[in-house]
Amino acid sequence: MAEERSLNFIEQIVDNDIKNGVNSGRVQTRFPPEPNGYLHIGHAKAICMDFDIARRFGGVCNLRFDDTNPAKEDTEYVDSIMEDIKWLGYQWGNVYYASDYFDQLYDLAIRFIKEGKAYVDEQTAEQIAEQKGTPTQPGIESPYRNRPIEENLALFEKMNSGEIPEGAMVLRAKIDMANSNMHFRDPIMYRIITSHPHHRTGTKWKAYPMYDFAHGQSDYFEGVTHSICTLEFVVHRPLYDWFIDQFADSDYRPHQYEFNRLNITYTVMSKRKMLQLVKEGVVAGWDDPRMPTICGLRRRGYTPQAIHDFISRIGYTKVEGVIDVGLLEHCCRENLKANTPRVMAIMKPIKLIVDNYPEGQTEQLIIENNPDNPELGTREITFSRELYIERDDYMPDAPKSFFRLTEGREVRLKGAYIVRCTGADTDQYGNVTAVHCEFIPNTKTGEADCNRKVKSTINWVNIANAAEAQVRLYDRLFTDENPGIYEGDFHDLLNPESLQIVNGVKVEACLANAKPGDKFQFQKIGYFCVDPDSENGKTIFNRTVSLKDNNYK
RNA sequence: UGUCUAAUGGUGUAAUGGUAGCACAUCUGAUUUUGGUUCAGCCAGUCGAGGUUCGAGUCCUCGUUAGACAACCA
């Protein structure tokens with residue numbers, strides 16, 4: 001690659017840190033998902049950042065599950081997260097869990113108490129919230145703030161032994177109730193959770209650390225140098241640094257950097273809303289092809305390459321914006337274009353009878369799988385007197401701008417003859433039941449008259465050996481460009497036509513053997529991927545993305 | 001009426017004090033055995049006002065606008 005894109009702002013920081021010998025010039029990152037949902041394309045952006053920084057600067061990226069809230073977390077998610085990261089093409093150095101550090105964090109909390117930097121508060125959540133103040137008003141101190149150290153120690157131990165019920169007490173850092181940064185107003189370090197066992201430690205612990213008391217410490221324990229996250233954590237950074245400064249015993253420090261999270265038009269990128277869509281059955285599951293989850297995109301037919309291309313094009317900055325979903329689709333087409341066979345599928349079939357082609361006769365034609373990529377080879381298709389074509393490819397009394405079949409007009413049947421339309425049969429209601437045509441001899445590829453000019457080439461499949469398929473046409477889940485910021489109920493914005501199922505689609509015989517995950521271009525229609533729901537004899541195709549919009553239709 | 005973060009074509013991003021460039025989208029024309037692709041072209045931008053400088057998108061000041069933050073979530 002001759003042209004090298006410029007470094008993004010975080011890569012520049014890492015580059016400078018190495019030059020300046022910060023943390024001995026070491027680079028260590030981590031991807032820290034909470035195992036409480038499936039990864040989505042926003043996570044993919046973070047994954048690419050964390051892993052690519054490590055790869056590019058000769059460091060390591062570890063996987064760390066931020067599992068400090070047993071009420072929300074589950075091993076189901078751990079497994080899917082690992083699968084999705086691997087699918088994107090990355091391999092972590094080590095797998096860590098924040099829960100691995102529960103002992104260390106507990107000891108650290110005790111140290112904070114002993115140093116007079118933490119206290120047990122037994123007010124209700126509401127009282128604590130009230131005393132927190134507002135951004136423009138300082139908070140007020142808890143009446144328990146100056147409890148003797150020995151009492152704090154004893155109560156904290158009880159918080160974790162099960163003697164104190166959930167919600168009755170918390171451990172708070174004693175910092176500054178008037179700080180302009182709300183996160184410094186005596187943040188909660190530990191809370192009690194007894195209603196849900198932890199997915200790894202079971203019921204061993206009753207008190208669990210909060211994010212702010214766990215994340216930075218975990219980074220420190222592991223030796224992370226660059227702790228990269230999204231912009232909403234900017235306000236947490238001073239606290240991240242503060243906690244570490246209280247106990248760090250060397251010059252080494254992890255540093256947090258933040259980039260803009262990914263928003264895409266016509267979709268939501270919040271785990272909470274996605275979970276809601278799944279639970280309410282609005283979509284069929286986390287891997288529903290309409291979901292922006294990694295597994296959803298995979299099932300939809302997106303490739304890791306397409307996702308990487310997309311991520312590299314959108315870049316990393318500190319500006320919050322919304323990416324046009326059209327860019328994602330562009331990257332997908334771009335990747336699939338040369339890598340998928342192009343086949344013929346007829347969505348709304350109507351019979352085409354070639355009246356001057358002998359009844360009972362067939363011929364095998366050789367057709368390229370992808371004219372843009374000869375490596376994909378060729379295949380055989382069967383031509384005969386009776387074919388299926390798209391109903392929309394015939395129009396009686398068509399205007400001049402219609403390039404396809406109408407009485408007297410000629411089109412090419414893709415990979416076969418040029419035919420002239422001679423008319424159509426209609427039923428008693430005037431509906432077209434079959435189209436008639438005559439083929440023009442010597443117009444097949446390579447034959448004498450093959451260069452005869454026609455306005456259009458249309459798709460067809462042979463009736464006798466066509467395979468039948470179900471096609472699932474997916475569209476955007478929301479009708480609004482930015483459903484994420486809609487103030488009302490987001491159900492209002494759901495697109496009722498986000499899934500359209502088409503049965504009775506006629507496809508080339510060769511597709512009868514297609515396997516889940518196989519990808520094709522249905523010529524003139526779009527890119528399709530075989531769905532795992534397919535059964536023997538009933539192939540289901542998901543539309544990954546349509547071809548760019550036609551001028552006509 | 002707090003703190004923090006940011007502001008470059010419609011959208012996303014680059015230019016690291018020295019020619020404002022790229023991509024997507026839109027539109028136009030050519031090519032095409034996909035009304036796809038490809039190729040060529042058009043349109044279109046530094047939030048505002050001062051200042052520093054030979055020179056400012058970039059540095060400084062003051063505005064304006066937008067977003068984040070007041071979970072026992074992460």
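Naming convention: chains lettered A, B, ... in sequence-line order (proteins, then strands); numbering from 1 in each chain. Keep in mind that what you see is a predicted model, and the values were worked out from it rather than measured.
Nucleotide B:G12 holds its P atom 16 Å from the CZ atom of A:Arg261, rounded to whole Å. In this entry the distance linking CZ of A:Arg30 with C1' of B:A74 reads 12 Å, nearest Å. Between the OH atom of A:Tyr266 and the P atom of B:U11 there is a distance of 14 Å, given to the nearest Å. The separation between A:Leu231 atom CG and B:A68 atom P is 11 Å, rounded to whole Å. To the nearest angstrom, P of B:C69 lies 20 Å from CD of A:Gln137. In this structure, CG of A:Asp309 is placed 18 Å from P of B:C22, rounded to the nearest angstrom. The distance between atom CZ of A:Phe528 and atom P of B:G36, rounded to the nearest whole Å, is 17 Å. Look at CG on A:Asp372: it is 10 Å from P on B:U34, rounded to the nearest Å.
The side chain of A:Lys524 contributes an N or O atom lying less than 4.0 Å from OP1 or OP2 of B:G35. Not one side-chain nitrogen or oxygen of A:Asn370 sits closer than 4.0 Å to the OP1 or OP2 atom of B:U34. A sub-4.0 Å separation between OP1 or OP2 of B:U38 and a side-chain N or O of A:Lys337 is present. Taking 4.0 angstrom as the limit, A:His330 places a side-chain polar atom (N or O) nearer than this to OP1 or OP2 of B:C24. Within the structure, a side-chain polar atom (N or O) of A:Thr68 is placed less than 4.0 Å from OP1 or OP2 of B:A74.
Remark: B:C22 base-pairs with B:G12. Criterion, Watson-Crick or G-U wobble with two distances under 3.5 Å. Nucleotide B:C39 is matched to B:G29 when pairs are restricted to Watson-Crick or G-U wobble geometry with both distances under 3.5 angstrom. Across every strand in view, B:G45 sits unpaired, with no contact that passes the Watson-Crick or G-U test at under 3.5 angstrom. In a base pair of the Watson-Crick type (N1 to N3 plus N6-O4 or O6-N4) or a G-U wobble (N1-O2 and O6-N3), with each distance short of 3.5 Å, B:U65 is matched with B:A6.
With salt bridges taken as basic N to acidic carboxylate O contacts below 4.0 Å, none links A:Arg237 and A:Asp241. The existence of a salt bridge linking A:Glu363 and A:Lys444 is confirmed by a sub-4.0 Å separation between a basic side-chain nitrogen and an acidic carboxylate oxygen. Note on A:Arg64 versus A:Asp100: no salt bridge recorded, every NZ/NE/NH1/NH2 to OD/OE distance being 4.0 Å or above. Electrostatic pairing of A:Lys524 and A:Glu390 does not count as a salt bridge here, judged by no charged N lying under 4.0 Å from a carboxylate O. Ion pairing of A:Asp372 with A:Arg342 is present here, as a side-chain N (NZ or NE/NH1/NH2) and a carboxylate O approach within less than 4.0 Å.
If you find the closest nucleotide of RNA chain B to A:Val235 and to A:Thr317, the one lying nearer the 5' end belongs to A:Thr317. Along RNA chain B, the nucleotide closest to A:Asn36 and the one closest to A:Gly415 are compared, and the more 5′ of them pairs with A:Gly415.
Within 6.0 Å of atom CD in A:Gln364, more than 12 heavy atoms from other residues, nucleotides or ligands are found, so the atom counts as buried in its surroundings.
When each of B:U33, B:C72, B:A25 is scored by its nearest atom to the side-chain atoms of A:Lys548, the top-ranked nucleotide is B:A25. Nearest to the side-chain atoms of A:Gln12 among the listed nucleotides B:U34, B:C69, B:A15 stands B:A15. Candidate nucleotides B:C4, B:C73, B:G12 were compared by shortest atom distance to the side chain of A:Arg191, and B:C73 ranks first.
A:Asp212 comes within contact range of no nucleotide atom at all, as no heavy-atom separation falls under 4.0 Å. Among the protein residues, A:Val319 comes within range of the sugar-phosphate backbone only, with heavy atoms under 4.0 Å from sugar or phosphate atoms but none that close to a base. Contacts of A:Gln523 with the nucleic acid, taken as non-hydrogen atoms under 4.0 Å apart, include base atoms. Note on A:Val322: only backbone sugar-phosphate atoms sit closer than 4.0 angstrom, heavy atoms only; bases stay farther off. Here A:Tyr190 lies out of heavy-atom contact (under 4.0 Å) with every strand. Residue contacts for A:Arg342: at a heavy-atom cut-off of 4.0 Å it reaches a base atom on one of the strands shown. Looking at heavy-atom distances under 4.0 Å, A:Glu329 makes no contact with the nucleic acid at all. Note on A:Met344: nothing from the nucleic acid sits closer than 4.0 angstrom, heavy atoms only. Within 4.0 Å (heavy atoms only), A:Asn181 reaches no atom of the nucleic acid at all. Note on A:Gly321: only backbone sugar-phosphate atoms sit closer than 4.0 angstrom, heavy atoms only; bases stay farther off.
For the C1' atoms, the distance from B:C54 to B:A14 is 26 Å, rounded to whole Å. Between B:C4 and B:A56, the distance separating the two P atoms is 29 Å to the nearest Å. Distance noted for atom C1' between B:U53 and B:G17: 9 Å (whole Å). A distance of about 13 Å separates the P atoms of B:A30 and B:G36, rounded to the whole Å. The separation of B:G9 from B:G45, taken at their P atoms, amounts to 9 Å, rounded to a whole angstrom. Taking atom P on both nucleotides, B:C69 is separated from B:G57 by 34 Å, rounded to a whole Å. B:A6 sits 23 Å from B:A23 when the C1' atoms are compared, rounded to a whole Å. Between the C1' atoms of B:C39 and B:U31, the separation comes to 7 Å (whole Å).
The six-membered or imidazole ring of A:His236 lies away from that of A:Tyr240, with a centre-to-centre distance of 6.0 Å or more.
Looking at A:Glu258, its side chain has no donor and acceptor atom pair within 3.5 Å of the base of B:U5. The base of B:A68 does not come close enough to the side chain of A:His236 for any donor and acceptor atom to sit less than 3.5 Å apart. For A:Arg313 and B:U13, a side-chain-to-base donor-acceptor distance below 3.5 Å is absent, hydrogens and geometry of angles not being considered. Between the side chain of A:Thr136 and the base of B:U1, no donor-acceptor pair of N or O atoms lies under 3.5 Å.
Summarising the geometry of A:Lys45 relative to A:Asn260, their closest heavy-atom pair is NZ-O, 2.7 Å, with the distance given to 0.1 Å.
Among A:Phe31, A:Tyr101, A:Tyr97, the single residue meeting the ring pair (Phe, Tyr, Trp, His ring centres under 6.0 Å) criterion with A:Phe65 is A:Tyr97.
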